[in-house]
Amino acid sequence: MTLRGTAQLAIWSDIEPDQETDYLHWLTREHVLERVGVDGFLAGRVFRAEASGKRRFFITYELQDAGVLAGASYLARLNAPTPWSQRTMPILQNFARGGGPVVARAGLGSGSVVLPLRLDLAAAGLHEAAARQALVQRIAALDAVAQVWLVQVDAAGTGVQTREKSMRRSAEGVFDGVLVIEALHTTAAQAALAVLPVLGLGLPEAVDTQAFSACFQLDRRLAGLGDPA
C-alpha cells in the first residue's frame, strides 16, 4: 500500500473468541469498505494479535489529512451506523481510538507485523520535531524493520461525540500519541521493542506492547472507488 495521506487513525479492541468470525466478516465484508468510502479515507488495514485468550485487534486507517476526523462525511457515517455495526459496537472491549497527523516517518513500505505503542509524547521526550524524526530513523535502521511512523493525536477531532461512540459499552481509551513499528516478522518487532530504551525512548510499565500480524487491507482503488479528488 502506498502511503499518500498525512494522517492516521488507530483503533484497538478486544472481542470474545466465539464472536471472532462474525466480527471479521463485519470488518472485511462491510466496515472497512464503508470507511474507505468516506471522503478523505484512503486505506484501512486490520491486524490480529496471536496471543491466547480474548482476541485483540488493531486497525489503522490512512487519512488524507487530520481534518478528515471531524469532517462532515465521516461524522455522517458515525452518526448513521448500519444494523451490523449496531450489533457489533456493544461487544467491543478494551477499546482505544485516536487519530491525527503523522509527525514523523522513516523507512519504506509496509510490514507484516506491527508494534503500535500508545505514548505520552512529552513524557517520552518527543515534544520536538527533531527528536521525533531522529527516533523513527534510528528504529527504521534496525534489522527487518520496514517502516516507523509517529502520530500526534488530535484530541478535539477524535473526541467528537457520535451515535456510534455512544453504542460502545467500553470506555474509549485516551492517549496522546502512537508510535507504530512495522516489521517483516514478529522476531524483528520484539527485537526493536527490546532496544527502544537504548535508542532513547523510555516506555512506562503499563504500556501495551502487543504485536499484531496483518490479516486484511483495503484501499480506495482496490474497492473500485478510485483516488480521492
Side-chain angles (χ1 to χ4, degrees), residues 1-14 42-51 56-63 65-66 94 96-155 158 173-215 217:
M1 180 185 68
T2 302
L3 289 169
R4 298 154 291 165
T6 63
Q8 294 273 353
L9 175 62
I11 301 168
W12 290 256
S13 63
D14 294 355
L42 304 179
R45 300 168 70 194
V46 179
F47 298 85
R48 180 180 181 272
E50 299 302 328
R56 184 74 166 155
F57 288 86
F58 173 69
I59 304 169
T60 183
Y61 291 102
E62 179 193 351
L63 310 177
D65 56 62
N94 297 320
R97 174 180 172 273
V102 176
V103 294
R105 178 182 281 132
L108 184 67
S110 301
S112 63
V113 173
V114 297
L115 179 65
L117 303 170
R118 298 196 294 273
L119 303 172
D120 180 319
L121 297 183
L126 297 174
H127 51 288
E128 295 183 356
R132 295 167 177 170
Q133 191 60 35
L135 176 67
V136 298
Q137 287 177 338
R138 288 194 293 266
I139 299 171
L142 297 173
D143 289 343
V145 172
Q147 181 184 193
V148 184
W149 43 277
L150 178 67
V151 166
Q152 183 171 19
V153 172
D154 177 354
T158 302
V174 177
F175 51 98
D176 177 55
V178 56
L179 175 71
V180 178
I181 301 170
E182 300 203 26
L184 306 188
H185 45 71
T186 303
T187 300
Q190 293 171 338
L193 177 64
V195 302
L196 288 181
V198 178
L199 299 180
L201 181 65
L203 297 175
E205 291 185 5
V207 70
D208 182 357
T209 59
Q210 177 68 62
F212 297 80
S213 298
C215 64
Q217 74 175 50

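Worth saying up front: this structure is predicted, and the values here are computed from it rather than measured.
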Inset, instruction - Going by the side-chain contact (heavy atoms from CB on, under 4.5 Å) test, name the single residue among T60, V136, V103, I181 that passes it with W149. - result: T60
Inset, instruction - Can you spot which of L193, V148, V195 makes a side-chain contact (heavy atoms from CB on, under 4.5 Å) with I139? - result: V148
Taking all heavy atoms of [X] and all of [Y], pick out the closest pair and write down the distance.
{"X": "G98", "Y": "T158", "value": "CA-CG2, 3.6 Å"}
{"X": "S110", "Y": "R45", "value": "CB-NH2, 3.4 Å"}
{"X": "A66", "Y": "A7", "value": "N-CB, 3.5 Å"}
{"X": "G44", "Y": "Y61", "value": "CA-CD2, 3.5 Å"}
{"X": "A146", "Y": "L184", "value": "CB-CD2, 4.1 Å"}
{"X": "A122", "Y": "D176", "value": "N-OD2, 4.2 Å"}

Donor-acceptor contact below 3.5 Å, side chain [X] vs main chain [Y]:
{"X": "S112", "Y": "A214", "answer": "no"}
{"X": "E62", "Y": "A43", "answer": "no"}
{"X": "Q133", "Y": "R105", "answer": "yes"}
{"X": "Q147", "Y": "G109", "answer": "yes"}
{"X": "R56", "Y": "N94", "answer": "yes"}
{"X": "R118", "Y": "F175", "answer": "no"}

Rounded to the nearest 0.5 Å, what separation is found between the [atom1] atom of [X] and the [atom2] atom of [Y]?
{"X": "T209", "Y": "L115", "atom1": "OG1", "atom2": "CG", "answer": "7.0 Å"}
{"X": "L121", "Y": "R132", "atom1": "CG", "atom2": "CZ", "answer": "5.5 Å"}
{"X": "Q8", "Y": "L150", "atom1": "CD", "atom2": "CG", "answer": "11.5 Å"}
{"X": "D143", "Y": "T187", "atom1": "CG", "atom2": "OG1", "answer": "11.5 Å"}
{"X": "F212", "Y": "F47", "atom1": "CZ", "atom2": "CZ", "answer": "10.0 Å"}
{"X": "L117", "Y": "D208", "atom1": "CG", "atom2": "CG", "answer": "8.0 Å"}

Just wondering, do [Y] and [X] contact through their side chains at under 4.5 Å, heavy atoms?
{"X": "L179", "Y": "L201", "value": "yes"}
{"X": "L142", "Y": "L199", "value": "yes"}
{"X": "L126", "Y": "D120", "value": "no"}
{"X": "V46", "Y": "C215", "value": "yes"}

